[in-house]
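If you're wondering where the values come from, they're calculated on a predicted model, not measured in any experiment. Chain identifiers are assigned alphabetically (A, B, ...) following the order of the sequence lines, protein sequences preceding nucleic acid strands; residue numbering begins at 1 within each chain.
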Amino acid sequence: MRWSKLFIPTLRDAPADAEAASHKLLVRGGFIRQLHAGHYSLLPLGLRVHDKVENIVRRGMEQIGAQEFLLPAMHPASIWQRSGRWESVGPEMFRLHDRKEADLALGMTHEEVFSHIATEITSYRSLPQIWYQIQWKFRDEPRPKSGLLRVREFAMKDSYSFDLDDAGLDHAFEVHREAYTRIFERLSLDAIAVQASSGMMGGTGSVEFMVPSPAGEDDIARCNNCGYAANVERATSTLAPVDDGDGSSELTRFPTPGVRTIAALETVEGGAPAHRQIKTMVMVLDGAITLALVRGDHQLNLQKLADGTGAADIRAAEPSETVEHLGAHPGSLGAVGVTDLPIVADHALRGRRNLATGANTDDWHYSGVDIDRDIAVGEWLDLREVSAGEPCVNCGQPLEVVRCIETGHIFKLGRRYAEAMGATVLDADGVARTITMGSYGIGIGRAMAAVAEVHHDDRGLIWPAAVAPYAAVITVASMRDDAAVTAAERIYGELRGLGVEVLLDDRDARAGVKFADSELIGVPWRITAGRAVADGEVELTTRSTGDTERVAIDDAAAAVAALADAARS
RNA sequence: CGGGACGUGGCGCAGCCAGGUAGCGCACCUGCUUUGGGAGCAGGGGGUCGCCGGUUCAAAUCCGGCCGUCCCGACCA
């Protein structure tokens, strides 16, 4: 393709509201443009990259014998009502009416539709199956952000496995885990497979594929020694034992004027160090006030609270609500003597004695609290978020906490959807059995943005050859240099003959502009036809290293084709 | 949804406080010069100042309402 004919609107300045590197560079490089919040147009360059990512994912699926479908993006309400999610998913689903006033939804995922089709699997002999599609998903995200990283409509590869029994599901899940590992390698993404919470999908297990990046929105805990890795929504760690002193002590109520924080309670007379305090978080779980207790120096993880209690809607109570239900403002709250509200507590508080906590009267606290004696804990749960440096549960080495982009997520769904849709088969004994399912997603645009996030420098993008919009660009330093133009045209023709995707920068612009643009759009190899042409040579520059070597005009096309081939295998 | 910021040619911004009929850089068009790291000179085109209403002789500017976008928190590929 000739650059002079292509629509590549590069920008010297990034839009003021772009924050993430991928966002800035994809806009500056002329890959994407925003239509409105969370909705982006893919320009010709952007679509080329998107297509390449898509095809890498597609090949990964074909490798495990998955069959490609294409399902409707718009669904009747009825299938979502059947699975119960019409009610349970809430405002994240785009809903609309047709002219007959029938309820419709834009698909945010396709468990319902696929399991509906799966009702036509009638014999165990047809199992297992793996079905997939690459289809647009619509999600009314509360907060779209960071360019392609978090949007409201996006292409997702979603696959679904159908098996007779748990062993089959385990196998399909494992096969996907391996396929995902290969796909992300192919994309040059160092994705870490971590244990994850299953969230709204439900099911018995899930693994997320996380790419370390400051632009991400999730934290994972990982151990560099033994390989343990989990989303902080799931991660645990070993804790050093705490010495609560000898014997039991008396519950004592004492005045603490102005003390509102854990830190303040550490230093007052009668107080205690943070790890010997109880932090009382007053939460509203599906509308019901609940006390969630963690150690004073620990952080409550909301997803763990949701997973542990089964609550769908969680928020912190307003100060007015804490006054109404407990009689005090945040800063003086506690669970001692509370019997009319549910209380859940983190394992780290089990059996603990001699603790300090709020007394449910402003400016008063308790000391000498014995959890078992003084607090009516209804349920012990894992509620605390791990912190960097805490010992790994497996090997004891310190954990690190890393910010990541979630590029893939695989779930063991079990029989929930198949049961709702009535997807059963007859087994060898002629008994009807409900199919068990897994579901497996990769966000195409998000993966593309993640690659951009990881592979760039201060000059622009550095696409890995596997996803680059073009493998090479031939830069003609000056269009008035007839010899250079001739050499460039010749190499251009040869490369196209060799099947290499190549751009010919034939714009009547200054060399500096062309160099800068080629680096901004991140094409892996550049051939410069300029002053070296007088010696029968051109320059070959590798984008990732900046290294330049001279190559004979005669050999240039073959040299680039060899590099592109090497990168392909 | 809670908190914060912003909305002025395609992009980046000034003008607003102290109302007087819109400006700068980049980009774009024409000409001349220049030609290996985002050229120079000269000329030129392009803006309902987010929208609606109000105050005023006069509103980008003051007041009210609405909409939109971005950032920080609760959700997901």
Side-chain angles (χ1 to χ4, degrees), chain A residues 9-20 23-24 27-28 30 33-39 53 57 89-92 108-109 134-137 139-159 180 191 196-201 206 208-211 216-218 231 233 283-284 301-303 305-306 312-316 318 405-411 439-450 459-460 475-481 484 508-520 528-533 539 541 546 548:
Chain A
T10 59
L11 260 26
R12 197 181 293 217
D13 297 310
D17 48 25
E19 198 83 357
H23 186 189
K24 289 182 188 167
V27 172
R28 281 190 57 209
R33 286 293 185 269
Q34 183 181 53
L35 183 60
H36 64 139
H39 300 264
V53 172
V57 174
V89 291
E92 199 178 334
M108 45 191 289
T109 175
I134 296 171
Q135 168 65 293
W136 292 88
K137 310 293 183 191
R139 295 184 186 177
D140 194 352
E141 289 288 338
R143 188 152 96 80
K145 57 176 286 200
S146 304
L148 254 30
L149 280 174
R150 184 176 203 75
V151 293
R152 302 206 303 175
E153 63 169 291
F154 58 97
M156 178 164 99
K157 185 289 296 177
D158 48 323
S159 50
Y180 274 39
S197 162
S198 298
M200 73 153 193
M201 306 291 290
S206 81
E208 289 168 333
F209 290 80
M210 303 296 242
V211 176
E217 303 181 82
D218 286 87
N231 192 305
E233 295 170 350
M283 307 300 294
V284 183
N301 183 287
L302 294 181
Q303 188 64 45
L305 181 61
D313 181 39
I314 291 193
R315 64 173 175 86
E318 302 291 331
I405 300 166
E406 180 191 352
T407 52
H409 200 161
I410 60 180
F411 299 87
S439 97
Y440 315 88
I442 293 178
I444 305 296
R446 182 181 282 183
M448 168 177 164
R459 293 184 172 189
T475 301
V476 184
S478 168
M479 290 305 288
R480 297 176 188 196
D481 179 346
D508 186 19
R510 299 171 69 86
V513 172
K514 296 186 178 190
F515 292 150
D517 273 345
S518 77
E519 285 153 1
L520 175 60
T528 306
R531 48 191 168 215
V533 169
E539 288 136 280
T541 303
T548 297

Enumerate the protein-to-nucleotides 70-73 of chain B contacts in which both atoms are nitrogen or oxygen and the separation is below 3.5 Å.
from: C70(B); atom 1: OP1; to: Gln34(A); atom 2: NE2; distance (Å): 2.9
from: C70(B); atom 1: O3'; to: Asp17(A); atom 2: O; distance (Å): 3.3
from: C72(B); atom 1: OP2; to: Arg143(A); atom 2: NH1; distance (Å): 3.4
from: C72(B); atom 1: OP2; to: Arg143(A); atom 2: NH2; distance (Å): 2.9
from: C72(B); atom 1: OP2; to: Lys145(A); atom 2: NZ; distance (Å): 3.3

Sugar-phosphate, base or nothing in reach of Gly530(A), heavy atoms under 4.0 Å: base

Counterpart residues, side-chain contact (heavy atoms from CB on, under 4.5 Å), relative to Thr10(A) (two or more places apart): Ile8(A), Asp517(A), Leu520(A), Ile521(A)

Pairwise side-chain contact, Glu217(A) with Arg143(A), heavy-atom cut-off 4.5 Å (strictly under): no

Interatomic distance at P, C16(B) relative to G50(B), whole Å: 15 Å

Interface polar pairs with nucleotides 39-48 of chain B, N/O, under 3.5 angstrom:
from: A39(B); atom 1: OP2; to: Arg510(A); atom 2: NE; distance (Å): 3.2
from: A39(B); atom 1: N9; to: Arg510(A); atom 2: NH1; distance (Å): 3.4

Pairwise P distance, G38(B) and G45(B) [rounded to whole Å]: 30 Å

P-based separation of C17(B) from C6(B) [nearest Å]: 15 Å

U21(B) and A59(B), which share atom name P, separated by this distance in whole Å: 12 Å

Pairing residues for Ala449(A) by the side-chain contact (heavy atoms from CB on, under 4.5 Å) criterion, not counting sequence neighbours: Ser22(A), Leu148(A), Leu149(A)

Nucleotide C75(B), atom P - distance to CD of Glu208(A) in whole Å: 13 Å

Residues that Arg446(A) engages under salt bridge (charged side-chain N to carboxylate O under 4.0 Å, His left out), provided they are two or more places apart: none

Minimum heavy-atom distance Ala447(A)-Thr407(A), with the two atoms named: CA-CG2, 4.4 Å

Whole-angstrom distance between C66(B) and G25(B), as gauged at atom C1': 34 Å

Whether Arg139(A) side chain and Met108(A) backbone form a donor-acceptor pair below 3.5 Å: yes

d(CD, Glu92(A); P, C1(B)) in whole Å: 16 Å

Sugar-phosphate only, base, or nothing, as touched by Arg315(A) at under 4.0 Å among non-hydrogen atoms: nothing

Out of C75(B), G36(B), A77(B), whichever nucleotide has its closest atom nearest the side chain of Ala511(A): G36(B)

Same-atom distance (P) from G12(B) to G54(B), integer angstrom: 33 Å

Spacing of Leu149(A) atom CG relative to A77(B) atom P, expressed in whole Å: 15 Å

Protein-nucleotide distance (Asp140(A), atom CG; C1(B), atom P), rounded to Å: 11 Å

Whole-angstrom distance between G7(B) and C62(B), as gauged at atom P: 11 Å

Any strand: nucleotide that pairs with U30(B) via Watson-Crick or wobble, under 3.5 Å: A42(B)

Pairing nucleotide - C76(B), Watson-Crick or G-U, each distance under 3.5 Å: none

Sugar-phosphate only, base, or nothing, as touched by Ala14(A) at under 4.0 Å among non-hydrogen atoms: sugar-phosphate

No-H, no-angle donor-acceptor pair, Arg531(A) side chain to G37(B) base, under 3.5 Å: no

Which atom of Ala477(A) lies closest to which atom of Gly530(A), heavy atoms considered: CB-CA, 3.9 Å

Nearest-angstrom distance from the residue atom CZ of Arg150(A) to C1' of C76(B): 5 Å

Distance-only donor-acceptor test (3.5 Å): side chain Glu539(A), base G36(B): yes

d(CD1, Ile410(A); P, C76(B)) in whole Å: 17 Å

Residues Glu141(A), Glu92(A); criterion side chain to side chain contact (heavy atoms under 4.5 Å, CB included); working and verdict: CA-CA 6 Å; Glu141(A) 289 288 338; Glu92(A) 199 178 334; 4.0 Å; yes

Base paired to A5(B) (Watson-Crick or G-U; both N/O distances under 3.5 angstrom): U69(B)

Of the listed nucleotides A77(B), G25(B), G38(B), the one nearest the side chain of Asp517(A): G38(B)

ring-ring contact (aromatic ring centres under 6.0 Å, His included) against Phe209(A), all qualifying residues, sequence neighbours excluded: Tyr180(A), Phe184(A)

C57(B) - base-pair partner by Watson-Crick or wobble geometry, distances under 3.5 Å: G20(B)

Residues which pass salt bridge (charged side-chain N to carboxylate O under 4.0 Å, His left out) with Lys24(A), listed by chain and number, not counting sequence neighbours: none

Value rounded to 0.5 Å, distance of OG1 in Thr528(A) from NZ in Lys514(A): 10.0 Å

side-chain contact (heavy atoms from CB on, under 4.5 Å) involving Pro9(A) - partner list, sequence neighbours excluded: Phe7(A), Arg33(A), Leu43(A)

Residue mapping more 5' on RNA chain B - nearest nucleotide basis, Glu217(A) or Leu520(A): Leu520(A)

Contact residues, residues 151-159 of chain A to RNA chain B [heavy atom, < 4.0 Å]: Val151(A), Phe154(A), Met156(A)

C1' spacing across the pair A39(B) / C26(B), given as an integer number of angstrom: 14 Å

Sugar-phosphate, base or nothing in reach of Thr475(A), heavy atoms under 4.0 Å: nothing

Listed nucleotide nearest any side-chain atom of Ala516(A), set A77(B), C75(B), G37(B): G37(B)

Salt bridge (charged side-chain N to carboxylate O under 4.0 Å, His left out) involving Arg459(A) - partner list, sequence neighbours excluded: Glu519(A)

Sequence-distant partners of Ala196(A), side-chain contact (heavy atoms from CB on, under 4.5 Å), two or more places apart: Ser206(A), Glu208(A), His409(A)

Residue closer to the 5' end of RNA chain B, Glu233(A) versus Arg459(A) (nearest nucleotide): Arg459(A)

Distance, rounded to the nearest Å, where Met108(A) contributes CE and A77(B) contributes C1': 11 Å

Residues which pass salt bridge (charged side-chain N to carboxylate O under 4.0 Å, His left out) with Asp140(A), listed by chain and number, not counting sequence neighbours: Arg152(A)

Sugar-phosphate, base or nothing in reach of Asp218(A), heavy atoms under 4.0 Å: base

Between C75(B) (C1') and Lys137(A) (NZ): distance, integer Å: 18 Å

Closest to side chain of Asp13(A), choosing from C75(B), C11(B), G36(B): C11(B)

